**Student:** 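Supplied in structure tokens, the structure appears directly below.
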Amino acid sequence: MPDQIPADYLDGLNDIQRAAVTTTEGPVLVVAGPGSGKTRVLTFRIAHLIEKGAAPWEILALTFTNKAAREMKERISKVVGKRAGNIWAGTFHSLFARILRVEAKHIGYPSNFTIYDTDDTKSLIGQIIRELSLDKTVYQTNAIKNRISSAKSSLITPKLYERNEELLAQDKQANMPLVYKIYAAYVNRCKKAGAMDFDDLLFRLYELLQNHPEVAGKYRQKFKYVLVDEFQDTNTLQYAIVKKLVQYPDSPRNICVVGDDAQSIYAFRGATIQNILDFEQDFSQFDIQTFKLEQNYRSTENIVATANAVIGHNRRQIQKKIWSDKGLGEKITVLREMDDTGEGRRVADTILEQKNRHHLANEDIAILYRTNAQSRIFEEYLRRFNIAYRVYGGMSFYQRKEVKDMVAYLRLVVNPNDEEAFRRVINNPKRGIGNTSVGKMITLAGQQQITLFEASKHVALAKRTRHQADGFIHMIEQARAKVDTTDAYEIADTIAKKSGLLDLHRGDTSIEGMGRLENFQSLLDGIKSFVEEDTVIDTETLPDKTLATYLQNIALLTDFDTKNAESTDVVTLMSVHAAKGLEYKSVFVVGLEEKLFPSWMSMDTLDGMDEERRLFYVAITRAEQFLTLSYANTRYRYGKMVMNEPSRFLAEVPAEAIVSTTHSRRSQGHEYDRVQEQRARVSGVTPPVRSRGTARFAKPKVDPANFTPSPAAEIVEGVRILHLKFGEGRVTKIDGGAANRIATIHFSDLPQPEKRIMLKFAKLQILP
DNA sequence: ATAGCAGTAGGCCCT
DNA sequence: CTACTGCTAT
């Protein structure tokens with residue numbers, strides 16, 4: 001890659017994009033509709049800054065996901081070469097963590113502080129509730145975690161909380177008058193453990209900038225250009241920090257925020273759409289320039305029209321008109337099924353069909369759902385149909401128990417004060433130090449104001465237990481003595497063996513156990529490659545191979561950041577939230593039912609509904625060419641069968657954009673009627689009574705009573721067979737391994753006669 | 001005192 | 001369907 005900028009790098013931009021790129025001085029707001037080349041503008045803007053003489057390390061680019069940051073850096077490096085590595089581009093959390101490690105001494109933290117994830121946070125809050133002898137059915141960890149999180153995001157310290165009448169009144173109302181005490185204890189304990197939770201990474205940085213003007217000055221000096229991506233998803237605290245960094249309101253630097261109010265989908269964690277709505281006002285005295293990117297380069301006109309119509313139902317938004325010149329394109333398909341199983345099958349089926357008809361690769365296709373729990377059924381059918389897929393989100397690699405246990409050991413080695421890590425591993429694998437003994441340690445730690453690890457050394461224990469505890473302490477301290485001189489892998493390897501974790505996993509021969517061993521091994525492999533290769537994720541971190549650096553690198557990773565080496569041609573399954581910023585030729589938005597999408601949690605407020613609608617807007621605007629919406633009449637949720645109306649959002653899709661008949665053999669075009677029904681329901685008109693039901697099994701071609709399936713082994717090429725739904729057919733080909741034989745069968749009665757059927761699952765009767 | 005089992009309550013979206 | 005509590009057997 002040449003280290004100079006191609007002269008024509010601005011040529012590929014439209015007029016507004018180019019203006020947004022070249023207006024480098026003063027505050028800039030870029031309102032960027034979906035598919036409008038937002039990332040292009042951001043990356044070219046940064047490249048342009050460097051071209052204009054800015055040093056890479058003077059540029060701070062804040063994103064929400066590591067993936068977005070990485071992508072941005074990659075694209076910038078295509079223009080400016082390896083200098084891109086020195087740009088401060090990353091997530092709010094990771095860049096702030098980096099600053100905090102350098103400046104930790106100012107706020108009484110060690111520079112190797114631990115980052116507590118959600119599980120650690122919940123566990124600590126639960127612990128505190130127990131210690132305060134509060135009723136845990138009243139004081140619920142999750143509720144309190146949210147309470148504390150939003151307090152931090154509103155810059156309310158425990159002291160302020162205690163004096164805030166409104167908050168106290170709310171807590172009383174909720175029958176939890178002592179939340180302020182839990183909050184105070186929680187902050188205390190985090191500090192004692194040398195740990196910060198996700199909110200602390202923001203909150204503590206704000207405090208640092210607020211209370212240490214010399215530090216704030218240093219960073220203001222350093223970052224001459226500040227850019228914020230996805231600005232609509234920032235919370236009050238993030239915006240406050242950004243303002244501090246640009247020294248608002250005295251002499252705002254060159255700040256550029258990019259976002260789309262219509263894609264704000266994180267209100268539930270404190271993001272406020274108000275930030276982007278206010279930004280223009282906040283910086284109006286400094287000649288703010290606003291650019292609206294309204295041309296959508298991603299999607300067909302049908303999809304854009306649908307998106308516009310849907311978002312038009314929301315109450316307030318920045319006025320803009322998103323348009324596309326890609327032609328009308330395919331109409332939108334709506335699939336209706338009886339239940340979630342049917343939905344899974346139908347979607348997988350439709351994917352096969354689309355792949356054949358439109359020559360789509362797996363990687364062109366995504367299935368998007370509201371909740372991660374919905375993925376299972378689609379996985380099942382994709383597997384059956386032999387379609388490669390990958391599920392993002394849900395349980396990430398680093399959240400798996402076997403991985404977390406090992407990481408907890410490593411955390412403890414780096415930071416023995418880490419209370420959550422200690423409690424996680426002290427008796428894991430089982431070494432006879434149970435709740436009672438740990439309880440004694442906790443009591444002692446509380447009494448003497450020492451850390452758990454310290455307490456574990458001195459506490460009085462039964463002889464056998466004492467011996468075990470000493471062994472444990474010795475193991476940690478031995479590893480700790482080498483932590484600065486030995487590479488991460490060596491320490492991890494030793495701990496894996498000495499702790500007994502490796503033996504534990506090796507000894508487990510169950511299916512799940514083997515999976516756990518595999519994950520455990522691949523964690524170790526990951527540490528090894530961290531040591532051997534230059535897999536430094538955080539480019540400005542010194543390329544050292546210590547355990548501390550390794551832990552820093554993985555602390556803020558999510559499922560998105562774990563690269564899978566295997567094939568990349570896979571169908572993507574993920575939540576709508578996770579899909580933001582991505583695009584696919586064909587998108588399936590599934591589970592479009594009232595109480596699911598929109599979620600029941602959001603349905604009781606107008607703000608909640610608006611956010612759900614924005615979420616739906618995000619979902620449909622991921623699609624380039626094909627958009628398929630699906631819903632089921634009933635589905636299993638939490639083990640219970642529930643029945644839901646089709647989502648109101650379906651009724652907001654313009655009728656002329658929907659294809660009225662689908663090509664499925666199964667449901668014969670009732671979808672459109674059903675949507676009309678919902679449309680009527682929403683507008684208050686009584687829907688026509690309509691017979692419901694049997695679409696999926698509309699016409700069984702064979703009487704089940706006379707059907708006796710033959711053993712799969714007897715199905716060979718050339719035989720004539722009977723299938724319950726498809727009727728008579730002839731096997732034209734058999735392939736796949738012994739355990740996964742797949743028959744290609746020609747059913748001459750069907751509109752699409754070729755079917756590929758997994759013999760493992762299918763019930764076929766051989767005909768003479 | 002600890003470990004394994006059965007039963008029950010509470011569940012989303014992300015760093 | 002999964003994560004916790006409460007019980008009983010070691």
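Bear in mind that the values here come from a model prediction, so they are computed numbers and not experimental data. Residue numbering restarts at 1 for every chain, and letters A, B, ... go by the order of the sequence lines.
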**Student:** How does each nucleotide of nucleotides 1-7 of chain B score, in 5' to 3' order, for protein heavy atoms under 4.0 Å: base (B), sugar-phosphate only (S), or none (-)?
**Tutor:** SSSS---
**Student:** Hey, do the aromatic rings of A/H313 and A/F616 have their centres closer than 6.0 Å?
**Tutor:** no
**Student:** Decide if atom NE2 of A/H467 counts as having more than 12 heavy atoms of other residues, nucleotides or ligands within a radius under 6.0 Å.
**Tutor:** no
**Student:** Mind checking A/F64 for me? I need base, sugar-phosphate or nothing, with any heavy atom below 4.0 Å counting as a touch.
**Tutor:** sugar-phosphate
**Student:** Side chain of A/R130: nearest nucleotide among B/dT15, C/dT5, B/dC14?
**Tutor:** C/dT5
**Student:** Salt-bridged, A/R411 to A/E420, with N to O below 4.0 Å?
**Tutor:** no
**Student:** For A/I265 and B/dC12, what is the distance between atoms CD1 and P respectively, to the nearest whole Å?
**Tutor:** 17 Å
**Student:** Using the side-chain heavy atoms of A/M601, tell me which of these nucleotides is nearest: B/dT15, B/dC13, B/dC12.
**Tutor:** B/dC12
**Student:** Please state whether the base of B/dT15 and the side chain of A/T65 form at least one donor-acceptor pair under 3.5 Å?
**Tutor:** no
**Student:** Would A/F231 and A/Y239 count as a close aromatic pair, with their ring centres under 6.0 Å?
**Tutor:** yes
**Student:** Tell me whether A/D117 is salt-bridged to A/K404, with the criterion being a basic N under 4.0 Å from an acidic carboxylate O.
**Tutor:** yes
**Student:** Verify the neighbour count for atom CD of A/E380: are there more than 12 heavy atoms of other residues, nucleotides or ligands below 6.0 Å?
**Tutor:** yes
**Student:** Can you tell me which nucleotide in B/dT15, B/dC14, B/dC12 comes closest to the side chain of A/T371?
**Tutor:** B/dC12
**Student:** Starting from Watson-Crick (N1-N3 plus N6-O4 or O6-N4) and G-U wobble pairs under 3.5 Å, report the runs of at least three that DNA chain B belongs to.
**Tutor:** B:1-10 with C:1-10
**Student:** Select base, sugar-phosphate, or nothing to describe what A/D199 touches, counting heavy atoms under 4.0 Å on all strands.
**Tutor:** nothing
**Student:** Hey, does A/F92 reach any base, or is it just sugar-phosphate, or nothing, if we go heavy atoms under 4.0 Å?
**Tutor:** nothing
**Student:** Does the ring of A/F268 meet both stacking tests against the six-membered base ring of B/dC13: centre distance under 5.5 Å and plane angle under 30°?
**Tutor:** yes
**Student:** Return the polar atom pairs (N/O with N/O) between nucleotides 8-10 of chain C and the protein under 3.5 Å, or none.
**Tutor:**
none

